[in-house]
Structures are given as structure tokens and as C-alpha cells.
Amino acid sequence: MNQKQMFINGQWLSAESGQTRTIINPFNQQVIAEVAEGNEKDTQYAIDAARQAFDKGDWRHTPALERGKLVSKIAELIERDKQELAELETLDTGKTLTESIADMEDIAEVFRYYGGLADKDGGEVIESPIPDSRSKVVREPVGVCGQITPWNYPLLQAAWKIAPALAAGNTLIIKPSEITPLTTIKVTELIEEAGVPAGVANLILGSGAKTGQMLAESHLVDLISFTGGIETGRKVMTAASSNFKKIALELGGKNPNIVFDDAEFDTAVDQAMNAIFFHSGQVCSAGARLLVQETIHDEFVAALVERTKQIKLGNGFEDTTQSGPLISEEHREKVENYVTIGINEGAELEIGGKRPKGADLQQGFFFEPTIFTNCHTSMRIVQEETFGPILTIERFETEEQAIQLANDSKYGLAGAVWTKDIRKAERVSSELRMGTVWINDFHPYFAQAPWGGYKSSGIGRELGKLGLEEYTEVKHVFENTNPQPLQWF
Ligand code: NAP
């Protein structure tokens, strides 16, 4: 049995209460690890350690070049242990090993990117309007950062937070989702191996309601970065207001995928499948809303349904598996409930909508890929994030209607437009109120480009230069080179 502890102030520790939690594989419900279950006391200890390391330690004074080298070293270690990390991620989330390996490659890139970026912003000299003066703007680390991550991309989301925080000279406490902590624990071992000083990167395990809430509330924490659902995000934002800490929120999405009748048909069908059914729809940027132009609607739906019948659900470790289980029984029930909601709202169930029958799938939290047609923006199933393999399909006639429907959402994370008419694509993309728009593609993201949402999909940006700037404060330093009395008083 894999027994795992928390990492606080450079030491691996059990929970102060002695409590542990079992972690299960969502494919077969087998116990895969036992991990420490921290509470408020452990969290306070981690916050104190990070505070001490920031206020009294050398980390923030370490030259950015050296910090960058350490962050790059972590990238190398992730690359070295890629297979082990990927297997842990698949065990913990059920996603296919191919996906997990791709995730680990992306994660190494994120550390490499921020390792390289650490020393690139040397500040700015300002042309002061005041004679005999010098003026400059510098960026400094924010301080102690609380970082809370979800279960769908456990290590990827952690990497987007840990790498820039370290590169910028902050100290941090990371708290992964209580059900998927294994890769975050493993990467903390690599952070230790790379030689990051004690107290700079701390790992706390335990329930979000206790440990996460405390990170968001604590007056000793200067920044809270949260990725997760909209309701938890609201709690984090409210708690963070206690000391007006800096806040970064990556929340949900209900992302429109717009297909015009002049799109390359087969590619658009294929990518629409990928947009929604990748990782069983448990992706914040999943293309869960398909908007298809009236003229090709029926043909497009028929092609999608035909392809969906062939999706192979199964064990993420088997090469033939295309999609794994949902993360938990609780989550499957939530997804299942949305099928009932959709049917009651008058949407037409084209395929799926139930648990699969296969004998090998009975121990896992599987749910069939599901497609609804006759959907409208007035429906909950179109407006709310089901976070499962449920595709809703709406029809549109004109470009204006497509834009209006796509924007009719409280979310604004991502969206896509498919057409061979590039001017139309650009017109539509400029009207979409979303943090990312893909033209003739779906899902690409990378370390160099910012990621985040408009509207209720969040606040701030991760990745790219902006992702580093989130972890800095801006200071203006003004120097009078010839000080004289003012003789006002
Ligand atoms: P969640 O339930 O909101 O949980 C997210 C994290 O918050 C977990 O670590 C959770 O801990 C913790 N938490 C729970 N209650 C808390 C509280 N009161 N204070 C502070 N933290 C608390 O979300 P999830 O179900 O894990 O993840 C799915 C959601 O994440 C979806 O909405 C998805 O769209 C979103 N997401 C967004 C992005 C993006 O980039 N925009 C990326 C990935 C996922 P426990 O697990 O221990 O309860």
C-alpha cells in the first residue's frame, strides 16, 4: 500500500490528528493509496512555514536566474519520471495513459517555460516628469500563495500554479483535490529533490472545506489561486476578502463549438467528438455545446451519433481504451441527473444517457457518451456545466444568431468556430466573449499563451507571461537625486 504524507517546512509529515484517507481507482474502486488527512492545524503549520520562509528566508532574494534554474531542474525531473507520474495520474483519475503521458509532457514544458522566464523582466525605467529624480517600476513576489486545484487535471493545474509562483520568488502551499492527490505528492518529492529550500513549497492534504477554506481565509496568505467549480470559487472569493488578498480564479465553462455549413465536414465532426468526449467531458474547456448551422444539422448529428456508438470505454491502461470512467460515484450521479433534467426540459436524447452494460465496466464509474438535440439556451442542460460526456446540440441559421447563442451564457472560458471563410471566422471570434477562441480547432493550449475566462469563468490568467505576472506585485520606486526642503510648513 502506498502511504503518503504532507510536506511542510521541508519535512514529510503525517496529519497532526493521525487521520488518513484512502484513495481509490475510479476504474475499479480498488484502494491505491492511503494519504494523510490534514486539518486546520496542519494548514496553519504550513501557512506559518511558508510565511517564515518568505519573510525570513533567502528565497525571494535569490537571483531570478538561480530560481529559474531550479524551476527548470524540476522540469527535467518530471521528464525523467514521466512514466511513473503518468501511471499515477491514470490510476487516480481513470484517464487513459496516453492522455496522462501527454499531460506530463505539457507539465514539464510549463516548468521549463517559467524556468526560462524567471529572469526576463528586469523592470522598467520611467521618464520622470520631476527634475532631479529617477523613477523605475519593479516586479516583486506577492508573498505567501495558497493554491487549490481540482481533480480533473490534478498535476497540470498544480503545475500552472507552482511553476510561476516559484519562478517569481514566492513561497506556496498547494492543496490538491482530496480525491486526486497522488501526482501532486510525487511532484513535491521532485521539488524537494531539485533543492528548493525548506518552507518554500509546502503540500497540504485534506478536505477543501477545512484546508482550502483556511488558505483562502488566512491573513498570513497574500494570494489565493483557485481552480475549481463556480460555487466553491464564490466561497474562496468571499473568504479572500477578509484581508483583500490577491485572487486568481479559474472556474468552469460551458463552451460553444460553432460549426458553419462551409466547414470541412469530416474534420469538424471528428473534432466535435474530441471537444466533448475527451476525458469523458471532465474538462473545463470541453466543447459541451455544439451549435450547428441549420443546413447541415441533420447530416452532422447523424455522423456524430454513428461515431459515438463506436467509442470504446474501459481501463485507461489498455491501448484500445478511448475514454475512462468518471471520477466518482457522486459525480456520476450528478451527470446522470442532468440527463433527467434534459429529458424533462424537452431535449431529445439521441444516444447514451445511461450507465454502460459491459461486465468489465461495472466496478468503475462509467457513463455512456450522450448526445441531446433540440436544445435551447433556455435549458439548464445548455447553461450549466454537467462536467460529463453530455453534448447538447443547438441549431442556428445566421452568423449573428450563432454569435448571439454562443454568448448567451454566464460562462466565458473558451469556444471554437469552424468555417473555411477566414473573414467570417475572424468576425465571429472577435465577437465571442471568451478567454480563448479556437478557429478550425478545439482544445489546444500551451505554456506560452494565457489561459482564463471572461464573465463567471474566472478572474486573472494562468500560463504565458501573464501567468507569471499574477504572482508579482508592481512597485514604483521614485528617487529624488537632489532633495531640498519644501518650506511649506
Ligand atoms: P471543486 O469542487 O470546486 O473543488 C476544487 C478544489 O477546491 C478542490 O481542491 C476542493 O477540495 C477545494 N475546495 C472545496 N471546498 C473548498 C472551500 N470551501 N474552500 C477552498 N477550497 C475548497 O471543483 P472540482 O469538482 O474539483 O473540479 C471541477 C471544476 O473545476 C469544474 O467546474 C471545472 O470547470 C473547474 N476547472 C476549471 C479549470 C479552468 O482552467 N478554468 C480547469 C480545471 C477545472 P476537495 O476536493 O478536497 O473538496
Side-chain angles (χ1 to χ4, degrees), residues 21 23 26 35-40 43 92-93 95 103 106 110 146-161 173-181 184 203-218 221 224-240 242 245 247-255 278-288 326-328 330-332 334-335 384-388 409-414 434-436 443 445 449-464 467 470:
R21 171 191 292 267
I23 304 298
V35 303
E37 175 75 357
N39 62 19
E40 290 87 346
T43 312
D92 212 355
T93 62
K95 67 167 69 176
D103 284 355
D106 284 345
V110 169
Q147 306 185 320
I148 303 172
T149 51
W151 49 256
N152 64 332
Y153 283 87
L155 191 53
L156 193 80
Q157 299 301 331
W160 292 11
K161 299 183 192 305
I173 306 117
I174 179 108
K175 193 222 91 70
S177 168
E178 62 196 12
I179 52 177
T180 55
T184 309
L203 164 72
I204 190 92
L205 304 170
S207 92
K210 289 183 181 173
T211 59
Q213 180 76 24
M214 188 159 179
L215 288 177
E217 276 171 6
S218 172
V221 174
I224 191 91
S225 176
F226 168 84
T227 302
I230 205 161
E231 288 315 321
T232 321
R234 203 184 303 283
K235 286 185 198 161
V236 168
M237 191 162 175
T238 306
S242 65
K245 55 174 65 70
I247 181 160
L249 300 176
E250 294 289 345
L251 306 175
K254 188 78 182 187
N255 312 287
F278 195 67
H279 194 17
S280 305
Q282 303 170 115
V283 183
C284 55
S285 54
L326 297 179
I327 193 70
S328 65
E330 188 191 1
H331 186 53
R332 177 162 67 170
K334 184 186 143 194
V335 170
E384 297 175 18
E385 190 184 41
T386 65
F387 221 53
S409 168
K410 68 181 169 190
Y411 290 114
L413 188 59
M434 287 145 211
T436 295
H443 276 324
Y445 63 87
W451 178 262
Y454 281 30
K455 302 199 270 184
S456 294
S457 286
I459 297 175
R461 291 292 180 270
E462 294 192 304
L463 299 182
E470 291 273 345

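Quick note: numbers below take in every heavy atom, side chains included, and nothing from hydrogens, waters or symmetry partners. When a ligand or atom number is given, it counts from 1 through the structure's own listing order.
Checked by distance only, ligand 1 and F226 stay at 3.5 Å or farther apart across all their nitrogen or oxygen atoms. For ligand 1, the polar-atom distance check against W151 finds a nitrogen or oxygen pair separated by under 3.5 Å. Residue contacts with ligand 1: S177 is placed with a nitrogen or oxygen under 3.5 Å of a nitrogen or oxygen of the ligand (distance criterion only). In terms of polar-atom proximity, I230 is not counted as a contact of ligand 1, lacking any N or O under 3.5 Å from an N or O of the ligand.
In terms of heavy atoms, I224 sits closest to I148 at CD1-CD1, 3.9 Å. Smallest separation of non-hydrogen atoms from P181 and E178: CD-O, 3.8 Å. The nearest pair of heavy atoms linking A158 to T184 is CB-OG1, 4.3 Å. Taking both residues in full, the closest heavy atoms of W451 and L463 are given as CB-CD1, 4.2 Å, listed atom of the first, atom of the second, then distance. Scanning all heavy atoms of the two residues, the minimum distance from K254 to S409 falls at O-OG, 4.4 Å.
Considering Q147, K175, K245 as possible partners of L215, the one that fulfils the side chain to side chain contact (heavy atoms under 4.5 Å, CB included) test is K175.
Numbered from 1 in the order shown, with element, the atoms of ligand 1 that lie under 4.0 Å from a heavy atom of T149 read 6 (C), 8 (C), 9 (O). For ligand 1, the atoms sitting less than 4.0 Å from at least one non-hydrogen atom of I148 are 6 (C), 7 (O), 9 (O), 12 (C), 20 (C), 21 (N), numbered in the order shown with element in parentheses. Close approach of ligand 1 to G228 is summarised as follows: ligand atoms under 4.0 Å from at least one heavy atom of the residue are 3 (O), 5 (C), 23 (O), 29 (C), 30 (O), 32 (O), 35 (C). Here is the list of ligand 1 atoms found below 4.0 Å of a heavy atom in G212: 19 (N), 20 (C), 21 (N). Set against the non-hydrogen atoms of K175, the atoms of ligand 1 under 4.0 Å away are 9 (O), 11 (O), 45 (P), 47 (O). For ligand 1, the atoms sitting less than 4.0 Å from at least one non-hydrogen atom of E178 are 45 (P), 46 (O), 47 (O), 48 (O), numbered in the order shown with element in parentheses. Close contacts between ligand 1 and K235 involve ligand atoms 18 (N) [criterion: under 4.0 Å to a heavy atom]. Listed by atom number, the atoms of ligand 1 under 4.0 Å from G206 heavy atoms are 47 (O).
Rounding to the nearest 0.5 Å gives a distance of 8.0 Å between CD1 of I173 and CD1 of I204. Atom-to-atom distance recorded for E462:CD and K161:NZ is 3.5 Å, nearest 0.5 angstrom.
The protein atom (non-hydrogen) at minimum distance from atom 23 (O) of ligand 1 is G229 N, 3.3 Å. From the protein, the heavy atom lying nearest to atom 27 (O) of ligand 1 is P150 CB, 3.2 Å. The nearest protein atom to atom 28 (C) of ligand 1, hydrogens excluded, is given as F387 CE2, 3.6 Å; this is a heavy-atom distance. At the top of the distance list for atom 18 (N) of ligand 1, counting protein heavy atoms only, stands Q213 OE1, 2.8 Å. Nearest non-hydrogen protein atom to atom 40 (O) of ligand 1 is W451 NE1, 3.0 Å. Among all protein heavy atoms, the one lying closest to atom 36 (N) of ligand 1 is C284 CB, 3.6 Å. The nearest protein atom to atom 31 (C) of ligand 1, hydrogens excluded, is given as E385 OE1, 3.4 Å; this is a heavy-atom distance.
A cation-pi arrangement is present between K95 and Y153, with the terminal nitrogen or guanidinium carbon under 6.0 Å from the aromatic centre and inside a 45° cone about the axis.
At least one heavy atom of S207 sits closer than 4.0 Å to an atom of ligand 1. At least one heavy atom of L251 sits closer than 4.0 Å to an atom of ligand 1. Using a 4.0 Å heavy-atom cutoff, Y153 is absent from the residues neighbouring ligand 1. Contact annotation: A216 has no heavy atom less than 4.0 Å from any atom of ligand 1.
Aromatic rings from W160 and Y445 are positioned such that their centres are separated by under 6.0 Å.
Residues satisfying the ring pair (Phe, Tyr, Trp, His ring centres under 6.0 Å) criterion with Y411, sequence neighbours excluded, are absent altogether. For Y454, the ring pair (Phe, Tyr, Trp, His ring centres under 6.0 Å) criterion is met by no residue, not counting sequence neighbours.
Taking each of T227, V236, N152 in turn, the one with a heavy atom nearest to atom 5 (C) of ligand 1 proves to be T227. Among L249, T436, T232, the residue whose heavy atom lies closest to atom 15 (N) of ligand 1 is T232.
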